[in-house]
Amino acid sequence: MQKLNFHEIERKWQKTWEESQVYNAEVDFTKEKFFVTFPFPYMSGSVHIGTAYTLTRLDVISRFKRHMGYNVLFPFAWHWTGVTIAGVSDRIKRRDQQTIKILRDIDGVPEEIIYKFEDPFFMARYFTENNREAIKKLGIGIDWRREFHTTSDDQCYSKYVEWQYFKLKEGGYIKRGKHPVVWCPRCKSVTGDHDRLSGEGVFPIIFNLVKYKLKDSDAFLVAATLRPETIFGITNVWLNPNADYVEARVNGEKWIVSKSCVEKLKDQLRDVEVISSFNGSLLLGKYVLTPLTGKEVPILPASFVDPDLATGVVYSVPAHAPYDYMALVDLKKNKEVLKKFNLDSSIVDGLQPISLIKTERFGINPSEVIVKELGIQNQNDPNLERATSEVYREEFLHGVLLENTGEFKGLLVKDAKVKVAEVLKEKGLADEMLELPTPVICRCGTRTYVKILPDQYLLDYSNKEWKEKAKRCLSKMRIFPEEARINFEWFIDWYDDWAFVRTSGLGTKLPWDDKYLIETLSDSTIYMAYYIISKFVNQGYLKSSNLTLEFFDYVILGKGNPKDVARRSNIEESLLESIRKEFDYWYPVDLRNSGKDLIANHLTFYIFHHVAIFPEDKWPKGIAVNGFMKLGGQPMHKSKGIFVSIKDAIKKYGADVVRLTCLISADGLDDPDWNDEVVNSAFQNLNNIYESFLMLSGAKVSENDTELDLWLSSKVREHIKTAITSLNEVAIRKAAVEIFFNFRNTLKRYVRRRQELTLTPTLKKALNAWVVMMAPFTPHFAEELWRILGNNSLVVKERWPREEDFIENKLANLKEDYLDSLLSDIQNVKKIMKEKPSKIKIFVASEQKREIARFVALKFAEGKRDNEIIKEVMVAFKDRTSSISYKDLPKSVLRLVEKIRSMGFDTFMNALDKITEDEFLISSSNFLKKDLELEEVKIIKEDSKEAAPYEKAKLSEPLRPSFILE
RNA sequence: GCGGGGGUUGCCGAGUUGGGACAAAGGCGCAGGACUUAAGAUCCUGUCCCAUAGGGGUUCGUGGGUUCAAAUCCCACCCCCCGCACCA
């Protein structure tokens, strides 16, 4: 058999497409446009098969739309903005071996080139060129004339970003304010998730600070807590006797906090002045006054207190906090500790847990219960972490406050929490600070904390009106899959002000304050409009100096007088007009497709910025999202070596195999998986199709259709319909399965059913349709098949087959279904026979049985119950049943009703009336013989003489013949 | 914690909106047969359990419920995955 050389045909067709410029899109008012975009990939490395997954999905849609007669635009660009590229450059400068290894082994960069990556722009350019090749080789139908990249390296694009930010400023979408970040005091910079040695995924939360007045002093011991409601159960305050504390003036009050808290308070914009420093043990044995309840409680030592967490002061609620409980138990058990600090042991004698919350699971003394359950020995037991979270969770969800909580009694913990904190704050007895709940360590090894940056430039995403506008846009948009919509809604609501400038990395400068660069997500929100302009830039018609604010105002917003704008921007008026015309034709984006991760950021920004700047008719129309490609079940991870680049995949398997693997592997938000098995099966699949295609198309041509072609036509029609419906819903896997499996199975069955295969007109038409349907998925392969069918045109430009090209024939379908169900009955019996049969006698039900069936069906349709139907049949056929014994009637009626119910009345009646069973079976007997490997097939009517000797004949039912295998 | 998605037969994965033809599509894997010198590929058949005649039994995370009828509807619970702001 002839084998396909995928690489060869791919090279051939890619060249042909390029020469005939099929993917270059120009304005054409006779056609409806369809504009698709893909979020430009970031150029710090090679594009991988995850990118291929999302990209090929979009390519399928864009090609499908072209087949459907749309004028399709699919442009592409590159993302260079941000700190990652610069970060890699820095690591190369430092000769970081890990980075070099990844670039060399994973990205396949030659060693001598790696050192040139000290220049971040060189690196970005290198990857851009390499990745462009990879994407071209994948056969994505892109209009490459519109390519560009971000950052100041592309001055024209920078101009566009500048215009965007002037617009946002004008519109009042930018403000200045405070912004909290995770901060490394040593690096003096923000510590992002990826800059952490440990503590990934940890983010700041608000701690309540409760102020306990120190008895006989004007200073407050400031304790941090996440459970302000437990203040009613306080028995004492804990300090770490081995840690340093300070007394400091904080915004006019005297606070006592751990020494390491001072910097945090300063960095959270408080005015802090340290008065004195001392060891924690100094205050032990003194008393503080509790807010709200006015009790006096002692200050005691506890080693579990972390001076680096929040204020380093903890108030003790032993009943509900396992840590506090164990620390108290420890003290009572081990009075040596008290002695060491010159404390009288009686100080702890009176301290008993005070319960203030009740839950079903733990009752009123959760600490005691859980400590016992987990067998915890002392306050340094690591299990206390778990104990704490279990109690916390249970009480938060189901806890109710007891009598001793005054005005808060009876409240649920989750409500009381908020109320108590409010009341305390109102009375000046509490404050709050931001803190990381668990330690976050910077790459440099330093423990980080939360700093509030003042005077940040912020995008005002908290603005209600802006949110409303964004939601209005969303409500008019198509979202694929629809389940993702709720995510968008949530994120639009959730977004708070966004700090959009940085001081490091690559990017475009903030036009009115050039200390700052616009950060990576914020410079890439509305760039799809720039694709219209970049074509003119690339063709040499526009230079950065032409791209004035008025120019963009006119082209994108239609503002201003073209004559004046043209003069001031120093370009031809006609050129300006045609750019505007093109923009107006192509915009908005009809479909943007990306991985689901971008819902939370880029895609939501995309909506926000469009509604801020563009008129409503230019708002985005549709977004599709999909899952992430996994490798052998694992997420891709360069440093672990779990990575396959597009280039390598194509080299190994060929583009169409890579494409088909991607396209058939998942749909919706599911994550597809890339492994040898699935890739090989795609490879095999295409080869099989190729072989059978050669066989089919090479069959002897016949002028006339056979009866089976009626069925074929019906089936093809279904395949076309399902494929179209699926593609319209961006259910690409579903469409691919329909085309590459179901359609193929139809053809397989067709071949099996034909006695002698010939290329009938319908078969030929079906093959043509099939190839066009394959083209969006495996375009090179399809071009090849298209030629085999004797066509000279390019299949990628062909019209998609229409349903009406293939006539539906219900009767043909019914007949084939009838035959299939008979076949499966026979197979079933064959299976349980000891010996292989060689003959079959098939008995077709008598006329009278058909009459009864019709009678039953009509009664069923009238809505009669089973019993009524039986009665009526009994009456109607009382004296004239011959082929069926009178006493068997009820059972037989019930079976019929069951069948009618399952087939549906219409289908049943149709089959009953239109299929002449004996004739059809006789005409199919050669097929039965061959398919069942029998030597003799006999069709016998139940009411014929020949049937008389056979008991089995009586078991025949309409549409369900009985048979004897022997 | 908050928000989202999901648990289907050896595996992947349809089916769940609108309950009925569901022992549950399709693919993969596995078994048998055909073809072949042979292997691979391909084609046919089978693949929950029982059954020497088309039958019966038990299944769709767990436990209840509604219904003539539930993978599909309702309630409760368990488990898994993803995101949560300066990485893009």
Side-chain angles (χ1 to χ4, degrees), chain A residues 1 3 39 41-42 44 79 81-85 87 179-182 189-195 201 203-205 226 389 392-393 396-397 414 437 453 456 461 482-484 486-487 489-491 493-502 505 519-522 524 596-602 627-628 635 664-673 677-678 680-681 684-685 687-688 691-692 733-734 737-738 740-742 745 748 751-752 817 821-822 824-835 865-866 898-904 907-908 931-933 952 955 960 962-965:
Chain A
M1 259 307 172
K3 280 268 175 196
Y42 188 69
S44 60
H79 200 196
T81 311
V83 294
T84 306
I85 291 175
H179 186 71
V181 291
V182 176
S189 71
V190 176
T191 311
D193 230 18
H194 297 258
D195 306 324
F203 48 96
I205 56 172
L226 294 171
S389 69
Y392 183 95
R393 188 188 148 81
F396 180 80
L397 294 173
K414 57 183 170 197
L453 301 172
Q456 286 288 290
Y461 290 148
E482 189 56 41
E483 298 101 87
I486 193 159
N487 288 296
E489 277 166 10
W490 194 80
F491 280 111
D493 274 331
W494 172 80
Y495 263 101
D496 203 349
D497 300 334
W498 178 266
F500 72 93
V501 295
R502 299 286 182 272
E519 63 86 35
T520 180
L521 285 165
S522 303
S524 311
K596 60 187 172 186
D597 51 333
L598 298 193
I599 296 173
N601 43 62
H602 166 71
F628 314 126
I664 218 146
S665 59
D667 247 336
L669 298 170
D670 293 342
D671 295 331
D673 188 44
E677 212 171 84
V678 295
N680 282 328
S681 102
Q684 209 58 260
N685 210 334
N687 273 114
N688 296 346
E691 281 188 21
S692 49
R733 182 190 128 92
K734 197 172 177 193
V737 166
E738 190 65 17
F740 287 86
F741 292 100
N742 298 351
N745 284 344
K748 270 198 215 169
V751 172
R752 195 177 128 212
D817 289 348
S821 87
L822 176 62
S824 102
D825 273 353
I826 297 171
Q827 294 288 7
N828 203 0
V829 172
K830 258 181 90 172
K831 192 171 70 186
I832 50 181
M833 283 177 75
K834 270 194 300 217
E835 276 167 41
R865 295 173 144 263
D866 300 5
E898 200 45 49
K899 191 166 181 111
I900 297 161
R901 211 195 303 274
S902 67
M903 277 177 88
T907 314
F908 181 81
D931 208 65
L932 293 164
E933 298 174 302
K952 204 100 211 174
L955 287 180
R960 197 186 192 202
S962 62
F963 53 85
I964 298 173
L965 278 166

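In what follows, every chain begins at residue 1, and chains take the letters A, B, ... in the order their sequences are listed.
Between A:Tyr42 atom OH and A:Ile85 atom CD1 the span is 3.5 Å, to the nearest 0.5 Å. Once rounded to the nearest 0.5 Å, the distance linking CG of A:Asp497 with NE2 of A:His179 reads 9.0 Å. Atom CG of residue A:Leu226 and atom CD1 of residue A:Ile205 lie 4.5 Å apart, to the nearest 0.5 angstrom. A distance of 5.0 Å separates CG in A:Leu521 from CG in A:Asn601, rounded to the nearest 0.5 Å. Between the CD1 atom of A:Ile599 and the CG atom of A:Leu669 there is a distance of 6.0 Å, given to the nearest 0.5 Å.
Stacking of A:Lys952 on the aromatic ring of A:Phe963 is not recorded, the 6.0 Å distance cut-off and the 45° axial limit not both being met.
Pair assignment for B:rG1: B:rC84, on the basis of Watson-Crick or G-U wobble contacts that are both within less than 3.5 Å. In a base pair of the Watson-Crick type (N1 to N3 plus N6-O4 or O6-N4) or a G-U wobble (N1-O2 and O6-N3), with each distance short of 3.5 Å, B:rC35 is matched with no nucleotide. Nucleotide B:rA41 is matched to nothing when pairs are restricted to Watson-Crick or G-U wobble geometry with both distances under 3.5 angstrom. Partner assigned to B:rU58 is none, using Watson-Crick or G-U wobble distances below 3.5 angstrom. With a 3.5 Å ceiling on both atom-pair distances, the Watson-Crick or G-U wobble partner of B:rC28 is B:rG10. Within the shown strands, nothing qualifies as a pairing partner of B:rU67 under the Watson-Crick or G-U definition with both distances less than 3.5 Å.
The residues A:Lys734 and A:Asp667 are annotated as not salt-bridged, no charged nitrogen and carboxylate oxygen being separated by less than 4.0 angstrom.
A distance of about 14 Å separates the C1' atoms of B:rC12 and B:rA25, rounded to the whole Å. Separating the P atom of B:rC84 from that of B:rA88 is a span of 13 Å, rounded to the nearest Å. Using atom C1' as the reference point in both B:rG26 and B:rG32, the two lie 22 Å apart (nearest Å). With P as the reference atom, B:rA24 and B:rC68 are 25 Å apart, rounded to whole Å. B:rG56 and B:rG5 are spaced 41 Å apart, taking the P atom of each and rounding to whole Å. Comparing the same atom, C1', in B:rC28 and in B:rU47 gives a spacing of 13 Å after rounding to whole Å. Taking atom C1' in both B:rG29 and B:rG13, one finds a spacing of 14 Å when rounded to whole Å. Separating the P atom of B:rA70 from that of B:rC81 is a span of 33 Å, rounded to the nearest Å.
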Where do N or O atoms of nucleotides 12-18 of chain B meet protein N or O atoms at under 3.5 Å, pair by pair?
| unit_1 | atom_1 | unit_2 | atom_2 | d |
| --- | --- | --- | --- | --- |
| B:rG13 | O2' | A:Arg733 | NH2 | 2.7 |

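A:Asp825 pairs by the side-chain hydrogen bond (donor to acceptor under 3.5 Å, both in side chains) definition with A:Arg960, not counting sequence neighbours. Applying the ring-ring contact (aromatic ring centres under 6.0 Å, His included) criterion to A:Trp490, with sequence neighbours excluded, gives A:Trp494. Residues passing the side-chain contact (heavy atoms from CB on, under 4.5 Å) test with A:Tyr461, sequence neighbours excluded: A:Leu459, A:Trp466, A:Tyr495, A:Trp498, A:Phe605, A:Phe608, A:His609. Here A:Phe500 pairs with A:Tyr165 under the ring-ring contact (aromatic ring centres under 6.0 Å, His included) rule; sequence neighbours left out.
Taking atom CG of residue A:Leu669 and atom P of nucleotide B:rG83, one finds them 13 Å apart after rounding to whole Å. The distance from atom CD1 of A:Ile664 to atom C1' of B:rC28 is 12 Å, rounded to the nearest whole Å. One interatomic measurement links the two molecules: CH2 of A:Trp494 to C1' of B:rC84, which rounds to 5 Å at whole-angstrom precision. We find that OH of A:Tyr461 is positioned 11 Å from C1' of B:rA85, with the value rounded to whole Å. What separates CG of A:Leu932 from C1' of B:rG33 is a distance of 15 Å, to the nearest Å. Regarding A:Phe500, its CZ atom lies at a distance of 16 Å from the P atom of B:rA88, rounded to whole Å. In this structure, the CG atom of A:Asp497 is 12 Å from the C1' atom of B:rA85, given to the nearest Å. Here B:rG4 presents its C1' atom at 16 Å from CG of A:Leu598, a figure rounded to the nearest Å.
When each of B:rA85, B:rG83, B:rA88 is scored by its nearest atom to the side-chain atoms of A:Tyr42, the top-ranked nucleotide is B:rA88. If you check B:rA85, B:rG27, B:rG6 against the side chain of A:Asn745, the one that comes closest is B:rG27.
Sequence order on RNA chain B of the closest nucleotides to A:Leu521 and A:Ala600 puts A:Ala600 first from the 5' end.
Among the protein residues, A:Val83 comes within range of the sugar-phosphate backbone only, with heavy atoms under 4.0 Å from sugar or phosphate atoms but none that close to a base. Note on A:Tyr495: a base of the nucleic acid sits closer than 4.0 angstrom, heavy atoms only. Among the protein residues, A:Glu677 comes within range of the sugar-phosphate backbone only, with heavy atoms under 4.0 Å from sugar or phosphate atoms but none that close to a base. At a threshold of 4.0 angstrom between heavy atoms, the contacts of A:His602 with the nucleic acid are absent. If you check every strand for non-hydrogen atoms under 4.0 Å, A:Asp597 touches nothing.
Considering only side-chain N and O atoms, A:Ser681 lies nowhere under 4.0 angstrom from the phosphate OP1 or OP2 of B:rC28.
Residues A:Pro39 and A:Leu598 form a side-chain contact, since some pair of their non-hydrogen atoms from C-beta on lies under 4.5 Å apart.
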*Sugar-phosphate atoms are those with a prime plus P, OP1 and OP2; base atoms are the rest. Using that split, label each nucleotide of nucleotides 42-58 of chain B B, S or - for protein heavy atoms under 4.0 Å, 5' to 3'.*
SS-SSS---BBBBS---
